[in-house]
Amino acid sequence: MNEVEAKTPEEPRDFIRDIIRADLAEGRCDTVVTRFPPEPNGYLHIGHAKSICLNFGVAAEFAGRCHLRFDDTNPVKEEHEYIESIQADVRWLGFNWGKHLFFASDNFETLYDWACHLIRNGHAYVDDLSAEEIRAHRGTLTEPGKNSPFRDRTAEENLDLFSRMRAGEFPDGARVLRAKIDMASGNINLRDPVLYRILRATHPRTGDAWCIYPTYDFAHGQSDAIEGVTHSLCTLEFADHRPLYDWLIDNLPTSSRPRQYEFSRLNLTHTVLSKRRLTQLVQERHVTGWDDPRMPTLAGLRRRGVPPAAIRDFVHRIGLTKSDNLVEVAALEHCIREYLNQVAPRRMAVLRPLKVVIENYPEGQSEELEAVNNPADPDSGTRLVPFGREIYVDQADFMEDPPKKFFRLTPGREVRLRYAFFLTCREAVKNEAGEVVELRCTYDPETRGGNAPDGRKVKATIHWVSAAHALRAQVRVYDYLFARPDPGAQGDFLEDINPESLSVLQDCRLEPALGEARLGEAIQFEREGYFCLDPDSKTGHAVFNRTIALRDGWAKTQAKGGK
RNA sequence: UGGGGCGUAGCCAAGUGGUAAGGCAGCGGGUUUUGAUCCCGCGACCCCAGGUUCGAGUCCUGGCGCCCCAGCCA
């Protein structure tokens, strides 16, 4: 794979980096340690890329380190498949955690000890209330909660009960361990949050060794502390948890003091980035899988042909703040095009073939013409493209009765065949239905290579493929998965699914050089866009994905001026 | 009527008291054997209202608006 750095971006500047810089300058820490902490219950998406780039980026910039830690504290939702895919996706994005791979589950024993520590100090208690009762006691946003009747058990009794919870003496949900903080707090997270619950589920890593599992609040910050994380960076919805995060660190015998900072998560137009919704799209088969090229998952973007460097560039450009945001996909698309324009070799492919017979070209003859591989990359060289009496051009490049500003083929007009000859359309052949099925044309042998010795000009250059040499392929053209920029804003997000998000073009013709395309390699089909070979390809049956179309100024003027 | 966060151009986003960076999108123009790329040009008085100050997007006060929180999810 062509891995060219898209230009070295200047060091990002944002409030998190300002904080770190200050912490370093004032000696609050001497090495920066961050972590990317996914829960293995789904695939990573471009929103995660923001966090990954931040955490690994910051670590690299300040010569620290970044851990990959799985917050695997809820075995009912977590699976091995996700542990694998997450690692593959982070690596693909371009980051390396080295030996710093951790699992919150590795800390279960320590966490258990720490829970006992809390109990001994009167900071936690076993509650026999049911989930519903606990909810009822919690109060509301505006009314304080009520203390549980079990809140004042002795440390001895709590210790005994807690050890019996671990021993499996009670059924799921029968009891929980709660922090003893303040049922009247305005911050609901401080109203005696649950620290441990009884859950008989096989854990992907610890199997059936445990039947009690710590909650996020009692595992995340603790794991940070155990790993020596200095800056625990998370999204805004966890800001309310920070007082609890700090309270627990204050009351536990940790050897380090991590600090949590929050930033706003990424929102993108025409897409959804919540794990719940993405999981639903996959499970209900609205897409073919987590790696469906229409998905905003890293696996989907990869399969679609989006280069990781473009994603990193995008994340860098959108910045990092605490403001809610909705970034236009156009910004991402720009990064993809900009990168691909530099690295993608150019080839010719006709997506919607229209046969052209060049009447004055000798039958049975063919020749090879030299074509530049990438005008944007002088080192990419040239290749030979076969030419003959019958070629294919795209249906969109011919109009029998064109509007004023249409410069392509129309009866009587001369255009240039890219890297080949000037071609003049003489006649459009139609079928019984009145559809144009073939063009009868003539060419000018004097214009070989694409220039006329007499200096005459043409207003358009179109691409083509020799019929006799063409390869066939299926091309999948993607549009936004969601028609609305804000899916779900009007109700059920599923109703905003774009019914035309996938168009399969079955009978595309490719120039022979495309036979050597490698899986995932970015290629520009001239005048069309960037494409890559899909894993669904079989020998003799190529399948290409359109990563993204080229900007289309013609479509724009059409939309504007009408005819 | 509780707690937390946010409010600078259509969308992101700099700005940390001295008179509004940059990117994306859009629009106009130039170059061009991809109507692509590339190049040039065009846009804000900073949620509102008071106040402090010679001077405020930046400080103070009071409003308004938006987002998050009542999982034994993370």
Side-chain angles (χ1 to χ4, degrees), chain A residues 13-14 18 37-39 41 71 73-74 76-78 127 129-131 134-135 138-145 172-178 184-191 193-199 212-213 215-217 219-220 234-243 262 264 266 269 275-276 314 316-335 337-338 341-342 346 348 371-372 375-376 405-408 416-420 422 449-451 457-463 485 524-529 549-558:
Chain A
R13 277 215 149 248
D14 52 65
D18 286 344
E39 182 193 10
N41 69 345
D71 271 351
T73 57
N74 184 5
V76 314
K77 290 186 177 175
E78 296 155 8
D127 196 345
L129 255 27
S130 68
I134 287 180
R135 191 186 318 128
R138 188 149 33 224
T140 68
L141 294 179
T142 53
E143 306 159 63
D172 286 12
R175 290 183 225 258
V176 292
L177 181 74
R178 292 228 256 169
S185 173
N187 182 341
I188 287 174
N189 293 296
L190 263 20
R191 320 241 265 228
V194 171
L195 267 23
Y196 265 94
R197 71 281 212 190
I198 302 172
L199 219 53
I212 58 172
Y213 292 94
T215 56
Y216 163 85
D217 286 309
H220 190 92
C234 62
T235 44
L236 242 30
E237 62 269 28
F238 291 100
D240 284 342
H241 291 246
R242 183 160 20 93
E262 311 87 16
S264 59
L266 168 69
T269 57
K275 227 183 256 187
R276 196 211 106 226
F314 169 69
H316 173 241
R317 289 194 200 212
I318 57 174
L320 187 76
T321 66
K322 300 179 77 149
S323 341
D324 289 331
N325 60 79
L326 178 59
V327 178
E328 294 175 345
V329 261
L332 206 214
E333 294 171 341
H334 170 83
C335 295
R337 290 195 184 99
E338 181 177 85
N341 179 50
Q342 293 305 313
R346 269 107 242 234
M348 290 197 284
V372 174
K405 291 187 211 150
F406 183 84
F407 304 139
R408 284 113 89 156
R416 172 165 40 230
L417 292 175
R418 175 142 243 228
Y419 298 126
F422 281 12
N451 287 302
K457 303 291 185 195
V458 289
K459 295 195 81 171
T461 299
I462 65 174
H463 59 101
Q524 183 192 109
F525 288 180
E526 295 230 16
R527 300 208 311 133
E528 290 287 353
L550 252 28
R551 286 184 64 190
D552 191 348
W554 168 236
K556 220 174 270 180
T557 69
Q558 261 180 319

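Not measured: the values here are computed from a predicted model. Naming convention: chains lettered A, B, ... in sequence-line order (proteins, then strands); numbering from 1 in each chain.
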(request) Taking only the side-chain nitrogens and oxygens of A/Lys322, find out if one of them lies under 4.0 Å from OP1 or OP2 of B/rG7. (result) no
(message) What contact category does A/Phe314 fall into here, base, sugar-phosphate, or nothing, at under 4.0 angstrom with non-hydrogen atoms?
(response) nothing
(message) Return whichever of A/Leu332 or A/Arg13 has its heavy-atom-nearest nucleotide of RNA chain B closer to the 5' end.
(response) A/Arg13
(message) Taking the P atom in each of B/rC42 and B/rG51, what is the distance between them to the nearest angstrom?
(response) 37 Å
(request) Return no unless some side-chain N or O of A/Arg337 is found under 4.0 Å from OP1 or OP2 of B/rU37. (result) no
(message) If I pick the P atom on B/rG10 and the same atom on B/rU19, what distance separates them, to the nearest angstrom?
(response) 24 Å
(message) Between the side chains of A/Glu262 and A/Arg242, is the shortest nitrogen-to-carboxylate-oxygen separation below 4.0 Å, so that they form an ion pair?
(response) yes
(request) With A/Ser264 as reference, evaluate A/Asp324, A/Asn325, A/Thr235 under the side chain to side chain donor-acceptor pair (under 3.5 Å) test and give the passing residue. (result) A/Asn325
(message) Could you tell me how far apart A/Arg317 (CZ) and B/rG22 (C1') are, to the nearest whole angstrom?
(response) 10 Å
(request) Write down the distance between CG (A/Asp14) and P (B/rC6), rounded to a whole number of angstrom. (result) 15 Å
(request) Starting at atom CG of A/Leu320, determine the distance to atom P of B/rA14, rounded to an integer number of angstrom. (result) 8 Å
(request) Would you kindly give the CD-to-C1' distance between A/Glu328 and B/rA9, to the nearest whole Å? (result) 12 Å
(request) Answer whether the closest heavy-atom distance between the side chains of A/Ile462 and A/Arg527 falls below 4.5 Å. (result) yes
(message) Can you tell me how far apart CE (A/Met348) and CZ (A/Arg418) are? Round to the nearest 0.5 Å.
(response) 8.0 Å
(request) State the NZ-CZ distance between A/Lys457 and A/Arg416, to the nearest 0.5 angstrom. (result) 7.5 Å
(request) Return no unless some side-chain N or O of A/His463 is found under 4.0 Å from OP1 or OP2 of B/rU34. (result) no
(request) Find the distance between NE2 (A/His316) and CG (A/Asp14) and round it off to the nearest 0.5 Å. (result) 9.5 Å
(request) Identify which nucleotide among B/rC11, B/rU16, B/rU34 has an atom closest to any side-chain atom of A/Asp18, counting heavy atoms from C-beta outward. (result) B/rU16
(request) Establish whether the base of B/rG2 is bridged to the side chain of A/Glu143 by a donor-acceptor pair shorter than 3.5 Å. (result) no
(message) Under 4.0 Å from OP1 or OP2 of B/rU34: is there any side-chain N or O of A/Arg346 that close?
(response) no
(message) Between C1' on B/rA25 and CG on A/Leu326, what's the gap in Å once rounded to a whole number?
(response) 13 Å
(message) Under 4.0 Å, counting only non-hydrogen atoms across every strand here, what does A/Arg551 touch: a base, just sugar-phosphate, or nothing?
(response) sugar-phosphate
(request) When you get a sec, tell me which of B/rG7, B/rG35, B/rG5 is the closest nucleotide to the side chain of A/Ser323? (result) B/rG7
(message) From CD1 of A/Ile318 over to P of B/rA25, roughly how many Å is that when rounded to an integer?
(response) 15 Å
(message) With a 3.5 Å limit on both atom pairs, tell me what B/rU19 is paired to, counting Watson-Crick and G-U wobble, or say none.
(response) none
(message) From CG of A/Leu550 over to C1' of B/rU32, roughly how many Å is that when rounded to an integer?
(response) 14 Å
(request) Whole angstrom is fine here: how far is it from CD in A/Glu528 over to P in B/rU37? (result) 15 Å
(message) Within the 4.0 Å limit for protein heavy atoms, which parts of nucleotides 68-74 of chain B are touched? Write it as a string from 5' to 3', B for base, S for sugar-phosphate only, - for none.
(response) BBBSBSB
(request) Using the six-membered ring wherever Trp is involved, compare the ring planes of A/Phe238 and A/Tyr216 and label them parallel, tilted or perpendicular (cut-offs 30° and 60°). (result) tilted
(message) Please give the distance between the P atoms of B/rG23 and B/rU61 as a whole number of Å.
(response) 37 Å
(request) Could you work out the separation of B/rU53 and B/rG43 based on their C1' atoms and round it to a whole Å? (result) 31 Å
(request) Go through the structure and list residues passing side chain to side chain donor-acceptor pair (under 3.5 Å) with A/Lys275, not counting sequence neighbours. (result) A/Asn41
(request) Using the C1' atom on both, measure B/rA20 against B/rA13 and round to a whole Å. (result) 13 Å
(message) Taking only the P atom of each, what is the distance from B/rA49 to B/rC64 in whole angstrom?
(response) 15 Å
(message) Regarding A/Pro144, tell me which of base, sugar-phosphate or nothing describes its non-hydrogen contacts under 4.0 Å with the strands shown.
(response) nothing
(request) Indicate syn or anti for B/rG63, taking the glycosidic torsion and treating anything within 90° of 0 as syn. (result) anti
(request) Please determine, for B/rC38, whether a Watson-Crick or G-U wobble partner exists with both distances under 3.5 Å, and give it or none. (result) B/rG30
(request) Please state the P separation for the pair B/rU1 and B/rG62 - nearest whole angstrom. (result) 15 Å
(message) Can you identify which nucleotide, out of B/rG2, B/rU34, B/rG26, has its nearest atom closest to the A/Thr142 side chain?
(response) B/rG2
(message) Only pairs with both distances under 3.5 Å count, Watson-Crick or wobble alike; so what is the partner of B/rC66 in this structure?
(response) B/rG5
(message) Please classify the nucleic acid contact of A/Gln524 as base, sugar-phosphate, or nothing, using heavy-atom distances under 4.0 Å.
(response) base
(request) To the nearest 0.5 angstrom, please state how far the CG atom of A/Leu550 sits from the CG atom of A/Asn341. (result) 8.0 Å
(request) Could you measure between the two C1' atoms, the one in B/rC45 and the one in B/rG5, and give it in whole Å? (result) 27 Å
(message) Here's a test of your reading of the structure: between A/Asn325 and A/Asn341, which maps to the more 5' nucleotide of RNA chain B?
(response) A/Asn325
(message) Using 0.5 Å steps for rounding, measure from the OG1 atom of A/Thr215 to the CG atom of A/Asn74.
(response) 10.5 Å
